Undergrad: 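Encoded as structure tokens, here's the structure I'll be asking about.
Protein chains get the first letters and strands the later ones, always in sequence-line order, with residue 1 at the start of each. Predicted, not measured: the structure shown is a model, and the values here were computed from it. Every heavy atom of this structure was used, including side-chain atoms; hydrogens, water molecules and symmetry mates were not.
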There are 2 protein chains.
Amino acid sequence: MRSAEELRYLILAAQREGNRLLGQALRPLGITPSQAEVLRILQDRRSLTLNGLGDLLICESGNSPSRLVDRLASAGLVDRQVSAHDRRHVEVTLTAEGLRLAGQIAAIEEGLYEFIDAASEGHDLEQITGFLRAFVADLPAGQALARRSTTE
Amino acid sequence: MRSAEELRYLILAAQREGNRLLGQALRPLGITPSQAEVLRILQDRRSLTLNGLGDLLICESGNSPSRLVDRLASAGLVDRQVSAHDRRHVEVTLTAEGLRLAGQIAAIEEGLYEFIDAASEGHDLEQITGFLRAFVADLPAGQALARRSTTE
DNA sequence: GAAAAATAGATTACACGACATATATGTCGT
DNA sequence: ACGACATATATGTCGTGTAATCTATTTTTC
């Protein structure tokens, strides 16, 4: 198997397993990895429009995360409010319960990051992130991540 | 953003964008990346049971790729045949049309691999695959990939 | 050789995720 | 003020992705 092919499948495997592990860890909170990503972003930026949120999400390609936010709203974790100035905009904010959960999520993510740190013993992480950053730099998800990194 | 967190999102971003690119390239063939993975595996191993196939798939966690194979069967790309000896087993094989498509898929994948090769200019791919291999080694998707690599 | 356990596969329920399309609202040129 | 266009969000459809449950068939155990 040529190395580009192996890399392709390794990235798929790593993403899938990582997501599965995170999903299991989040299960007691009753939320999914995608929902957790939204809550953690809102924890840092008090309020965002749906589009603004979509521009920061890696887990979903821009279109508009309205259904993702739908479920969070039904669960009472976020509030949606139509902007007074521009009624096309919907402002999304955390509820008190959402804020509480965001804190718990941060703790769970910390566990995942320690797992990653342990797995990267003896490897040059900078090589790896450097390659991946270059790979996605010109693509939507890469730009979303760049927006996340700069202000967060 | 700590580097483990960045890596996590980079892997998510790379997987998502890679899959999106491949999906667009495959669209003219009328199949999805997951379906392509099945066809390519069957191209190398003439016949497999559903479970045997699931053990080699990275794109789907072993449970059973029955839905995936359903669609391929409806599209006339694979045949399913209940084993005479053990009627629990369903043997899956490519049809002539499926074999033809598998060849076209290989050509499209080649394009993706050239893109990956280009992006990895100046980076140490061995560092990257080494890290990811260690990361998924003990997890189901990693073992599926190991099975793929050894015999393919 | 029959009941119990294990196994293979299918089915189902739920939540994404991608894409296309629809709808509502704003902006701009005239 | 009107129409063309752009923007923000919502919705419909399809195909995964995960886990739980169901059924059929073998294998094991007594």
Undergrad: Do the numbers put A:Arg148 on top of the ring of B:Tyr9, so that NZ or CZ is under 6.0 Å from the six-membered ring centre and no more than 45° off the axis?
TA: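 Geometry flag: set, cation within 6.0 Å and 45°.
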Undergrad: Write down the distance between CG (B:Leu72) and C1' (D:dG15), rounded to a whole number of angstrom.
TA: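 That distance rounds to 11 Å.
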Undergrad: So if I apply the side chain to side chain contact (heavy atoms under 4.5 Å, CB included) rule between B:Gln43 and each of B:Val38, B:Leu99, B:Ile105, which one comes out positive?
TA: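 One option only clears the test, and that one is B:Leu99.
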Undergrad: Considering non-hydrogen atoms only, spot the tightest contact between B:Pro140 and A:Arg20 and give its length.
TA: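 Here B:Pro140 and A:Arg20 meet closest at CD-NH2, 3.5 Å.
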Undergrad: Over how many whole Å does the gap from A:Asn19 atom CG to C:dC16 atom P extend?
TA: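 The answer, rounded to whole Å, is 11 Å.
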Undergrad: So, are A:Glu126 and A:Arg133 salt-bridged, with charged N and O less than 4.0 Å apart?
TA: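 Salt bridge between A:Glu126 and A:Arg133, a charged N being under 4.0 Å from a carboxylate O: yes.
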Undergrad: Any side-chain to backbone donor/acceptor pair from B:Thr95 onto B:Leu77? Under 3.5 Å, distance only.
TA: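 Present.
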Undergrad: Between A:Gln24 and D:dA19, does any side-chain N or O lie under 4.0 Å from OP1 or OP2?
TA: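 Affirmative; the distance criterion is met.
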Undergrad: Using the closest heavy atom to pick a nucleotide of DNA chain C for each, name whichever of A:Arg87 or A:Ser34 lands nearer the 5' end.
TA: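 In this pair, the answer is A:Ser34.
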Undergrad: Just compare C:dG26, C:dG17, D:dG15 and give me whichever is closest to any side-chain atom of B:Arg71.
TA: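 The answer is D:dG15.
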Undergrad: Just how far, in rounded Å, is C1' of C:dC16 from CG of B:Leu12?
TA: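 Computing the B:Leu12:CG to C:dC16:C1' distance gives 12 Å.
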Undergrad: Base contacts versus sugar-phosphate-only contacts with protein, heavy atoms under 4.0 Å: please encode nucleotides 3-11 of chain D as B, S and - from 5' to 3'.
TA: ---BBSBBB
Undergrad: What is the distance from CD1 of B:Ile31 to P of D:dC14, rounded to the nearest Å?
TA: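 Going from CD1 in B:Ile31 over to P in D:dC14 covers 19 Å.
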Undergrad: Counting N and O atoms only, with roles assigned by atom type, does the side chain of A:Glu17 sit under 3.5 Å from a partner on the main chain of B:Ala141, one being a donor and the other an acceptor?
TA: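 At least one qualifying donor-acceptor pair exists.
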Undergrad: A:Gln15 CD to C:dG17 C1': how many Å, rounded?
TA: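 Whole-Å distance recorded here is 11 Å.
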Undergrad: Rounding to an integer number of Å, can you tell me how far A:His85 NE2 sits from C:dT27 P?
TA: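 Roughly 12 Å, once rounded to whole Å.
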Undergrad: In whole angstrom, give the distance that lies between atom CG of A:Leu21 and atom P of D:dG17.
TA: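 These atoms are roughly 17 Å apart.
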Undergrad: Rounded to whole angstroms, how far apart are CG on B:Leu139 and C1' on D:dT18?
TA: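 Checked: the CG to C1' distance equals 15 Å.
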Undergrad: Quick one: does any side-chain atom of B:Gln15 pair with a main-chain N or O of A:Gln15 as donor and acceptor, under 3.5 Å?
TA: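 Absent.
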Undergrad: Are B:Gln24 and B:Arg27 linked by a side-chain donor-acceptor pair shorter than 3.5 Å?
TA: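 On atom types as modelled, these side chains do not qualify, holding no pair under 3.5 Å.
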Undergrad: Using a 3.5 Å limit for the pairing distances, which stems of at least 3 consecutive Watson-Crick or G-U wobble pairs does DNA chain C take part in?
TA: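 As far as DNA chain C goes, consecutive pairing (with distances under 3.5 Å) yields the stems C:1-30 with D:1-30.
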Undergrad: Taking side chain to side chain donor-acceptor pair (under 3.5 Å) as the cut-off, I'd like each qualifying pair that reaches into residues 68-81 of chain A, sequence neighbours left out, listed once.
TA: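 Found A:Asp70-A:Arg80.
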